[in-house]
Structure formats: structure tokens, C-alpha cells
Amino acid sequence: MRFRLGYVAMTLKLVDCSPSGTMTVTAFKKLPDPEAALNRVRRIAKKNLENTLRILRYNLAYNIYVYRLTSKLVPLATHPLIEGWDYSGDLKEEFLSIGSFIKENDFRISAHPDHYTILNPESDQVFNESLKDLDYHAKVYEAMGLTDYRYKLVLHIGGLYGNKKASIERFKRNFEKLPERISKRIILENDDKVYTAADVLDICNDLGVPMVLDVHHHNCNNNYENLEELLPHIFKTWDGQHFNPKVHFSSPKSTKEFRHHADNIELQEFLNFLRIASKTDRDFDVMLEAKNKDGALLKLSDELKDAGTVKSINQAEFELKK
DNA sequence: ACCTGTCAAGTCTGG
DNA sequence: CCAGACTTGACAGGT
């Protein structure tokens, strides 16, 4: 049984390599000439794309094949200020070279629209804004030539609005309204406050959508659910998908700030999870969500090699001994 | 060069 | 009904 490690958006190893350069609305409006402001956005977006390719090259060198794109590649992408700008046509070459590199090397790439993107709100306006953001994410994949639906978008269920059952029903109804180019990419994750792993598993089974288990969120919000029992069912939602099941993993910052992410991954907690996961007898990928990003990955990797319970294939891939 | 307040966005709680 | 927390990295303004 094998597993791979990945990290989110940003490497600490490369100098001056942010893929998330931004321009604020205030800064945009402050420039007297809208054309000049748009030029600035274009320059930042181009830089973000170039840096993303640099990061992917670095990942290849380190055998890191699991990576999450930042949602901020194109600043203000869904804002009316840049409405009408064809960023995917304008930066076609940059997008396509990223996509080709991803396909050539068979990277597992994902993206995670931020927590303002919600499918079950009570207001139509919030739903429509969320749709715009999902459309942007799908456009980014399409501009990269990643038209295969194996490249996913991770979402949470959303708000509670005082009634979990009704909010879940609204989620499902709204999900069915999505165009295929979006819905086929969506995978759902349990959150740290409202929707537990069992809640999300039910929704995923009803909709036929893969589920990402976030182990840390489960530790924050679990309603006494047993992970060992749930895990085989969670992994089963990935049957028929191109990639193996995916898990998010992070360690709590402290007892007091339990929900916050720590700088690195606690080895013992990780080994505990591996023990449970090994019983499913399936290969899987782990997205590490730590402040130290790829630094945390390389550190955990070293510690796993020393721990002896797993065999290292390379920096980011391991085989579990039975 | 460094420090701090601010930033597009939504939800929830407490006053 | 409104202000502030939540949470995040990066920008922008001030020193």
C-alpha cells in the first residue's frame, strides 16, 4: 500500500516565487487610467503563472506530484472591474505551458475555492457570486488544457443557517443546478465546525461525488464518529475515479488554538492515521496543510524514513509495511 | 528595511 | 441591527 504527499500553493524553497501576487480593488481604483490598471493586473497574473511553472519544476525535482494551485492566479478575476478582459486568451501560452507540464509529468493538481464560495446560501446573490468563482476555477483548468475532470475543485458544504437538514437539502438541490464542467470536478470536504465526515459522506453518496477526508477537521468536529469505521466508505466514493482517494492532514497549532494549523506535521499523529488507513488496503494521497508548506513535507518525509514503519520510495512517496 | 493596518468576498455570535 | 471574530497572506502606507 502506497501513499504520496503533497502541499498547498507556495514553496518556501524558491526565492521570489509567489504564485499569489494580488492587486486590491483600492489600488486598482487609485490608478487614474483603467487601461494602466488592467495592464498591472495582467503583469501580476503573468508573473503568477510563471511562478506556478517554476514551482511545478521544483516539485518534479523533489518527486512531489501532489500540489494545490492557488486560487489567486488571476487577481480580481471575478470582480466587475476587470469584466470583459479575456485573461485565458491573453495569457494563453502561460496557461498552456503549465497544463502541458502537468500532463507530461502526471501531476495530481487540485484547487480549493476559498470559504466565500458557498453552494447552499439562502440568498440567490451569494449563490450567483459563488457560481462566478467556480466558473473562474473551471476556466483556469480549461485554459491550461486540463479538460479532463480528474482535476478537481474542493468545496465545503457551507453554512448551517440554523437548520442542518434544510441546508443539506438546499446544497443538494443547488448542486444539481451546476453545469457539468463544474459539477464533475467538485469533491466535498468535512469542515471543522458544522458538517462532519459522516454528514459529508452521506451527501457524497447521494450525489455520486468523491469525498476528501480532512483528518484535522474531523478531530475538531466529529460528533463521536469513528474514523476507522468511516474511512473504507469514504475511500469507496473514489471508485471509478482516475486518482486515488485524497486526505487532508494538518496538526493543531496548540491546545488553546486547536483549529489553527501548526507549522509542521506531528509525526505521531500522522503514524496514528497511517495505522487506520492501512486497514483499508488502498493507495491514497495526502495533502499536507501546514504553515511551513513544502518545508513541513520534507521534514515529515525525513522523519518517516527514520520511523521505520514505512519504506521510502522518494521524498514524497512511501510504501507501508504490512 | 521594517512594522502595522487593511483588504473583494460570507456566516455566526454577542451585545 | 450592528460590530467583531473568524482566517490568510500579501499589499500599502508610515516610520
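Neither OP1 nor OP2 of C:dC6 sits under 4.0 Å from any side-chain N or O of A:His115. A sub-4.0 Å separation between OP1 or OP2 of C:dG13 and a side-chain N or O of A:Lys30 is present. In this structure, A:Ser20 does not reach the C:dT8 phosphate: none of its side-chain N or O atoms is under 4.0 Å from OP1 or OP2. A close approach under 4.0 Å does occur between a side-chain nitrogen or oxygen of A:Ser18 and OP1 or OP2 of C:dA10.
When each of A:Arg259 and A:Ile44 is assigned the nucleotide of DNA chain C bearing its nearest heavy atom, the one mapping closer to the 5' terminus is A:Arg259.
The side chain of A:Arg40 lies closest to C:dA12, out of B:dC12, C:dA12, B:dG10. Of the listed nucleotides (B:dC7, C:dC11, C:dA12), B:dC7 has the atom at the smallest distance from the side chain of A:Thr26. Among the nucleotides C:dA10, B:dG10, B:dC7, the one closest to the side chain of A:Tyr116 is B:dG10. With distances taken from any side-chain atom of A:Lys291 to the nucleotides C:dA10, B:dT11, C:dT8, the minimum falls on C:dT8. Candidate nucleotides B:dC7, B:dA9, B:dT11 were compared by shortest atom distance to the side chain of A:Thr24, and B:dC7 ranks first. Closest contact between the side chain of A:Val25 and the listed nucleotides B:dT11, C:dT8, B:dA8 involves B:dA8.
In this structure, CG of A:Leu119 is placed 12 Å from P of B:dT11, rounded to the nearest angstrom. For A:His260 and C:dG9, the NE2 to P distance is 11 Å, given to the nearest whole Å. The distance between atom NZ of A:Lys29 and atom C1' of C:dC11, rounded to the nearest whole Å, is 17 Å. One can place CG of A:Asp191 at 14 Å from C1' of B:dG10, the figure rounded to the nearest angstrom. The distance from atom OH of A:Tyr161 to atom P of B:dT13 is 13 Å, rounded to the nearest whole Å. Going from atom NZ of A:Lys132 over to atom P of B:dA9 covers 12 Å, rounded to whole Å. A:Lys253 has its NZ atom 10 Å from the P atom of C:dT8, to the nearest Å. If you take NZ of A:Lys193 and C1' of B:dC12, they are 8 Å apart, rounded to a whole angstrom.
The two atoms that bring A:Lys184 and A:Lys152 nearest to each other are O-NZ, 3.1 Å, heavy atoms only. Minimum interatomic distance between A:Tyr136 and A:Ser71 (heavy atoms only, all atoms of both residues): OH-O, 3.1 Å.
Across all strands shown, C:dG9 forms a Watson-Crick or G-U wobble pair with B:dC7, both key distances being under 3.5 Å.
Taking atom P in both B:dA1 and C:dT8, one finds a spacing of 30 Å when rounded to whole Å. Comparing the P positions of C:dG13 and B:dA8 gives an interatomic distance of 12 Å, to the nearest angstrom. Across the P atoms, C:dT7 and B:dG14 are found 15 Å apart, a figure rounded to whole Å.
Residue contacts shown for A:Gly21 are limited to sugar-phosphate atoms, with no base heavy atom under 4.0 Å away. Among the atoms of the strands shown, none is found under 4.0 Å from any heavy atom of A:Asp133. Nucleic acid contact for A:Thr117: none, since no nucleic acid atom lies under 4.0 Å from a heavy atom of the residue. The residue A:Leu160 sits close only to the backbone: its heavy atoms come under 4.0 Å of sugar-phosphate atoms, none of a base. Here A:Met23 lies out of heavy-atom contact (under 4.0 Å) with every strand.
Note that A:Arg170 lies in the cation-pi zone of A:Tyr161, set by a 6.0 Å cut-off to the ring centre and a 45° limit from the axis.
Ring orientation note: the planes of A:Phe284 and A:Phe3 are close to parallel, at an angle under 30° on the 30°/60° scale. The aromatic rings of A:Tyr7 and A:Tyr58 lie perpendicular to each other, with more than 60° between the two planes, well past the 30° mark. The aromatic rings of A:Tyr141 and A:Tyr151 sit tilted relative to each other, their planes meeting at an angle between 30° and 60°.
With hydrogens and angles ignored, the 3.5 Å screen pairs a side-chain donor or acceptor of A:Asn48 with a backbone N or O of A:Gly21.
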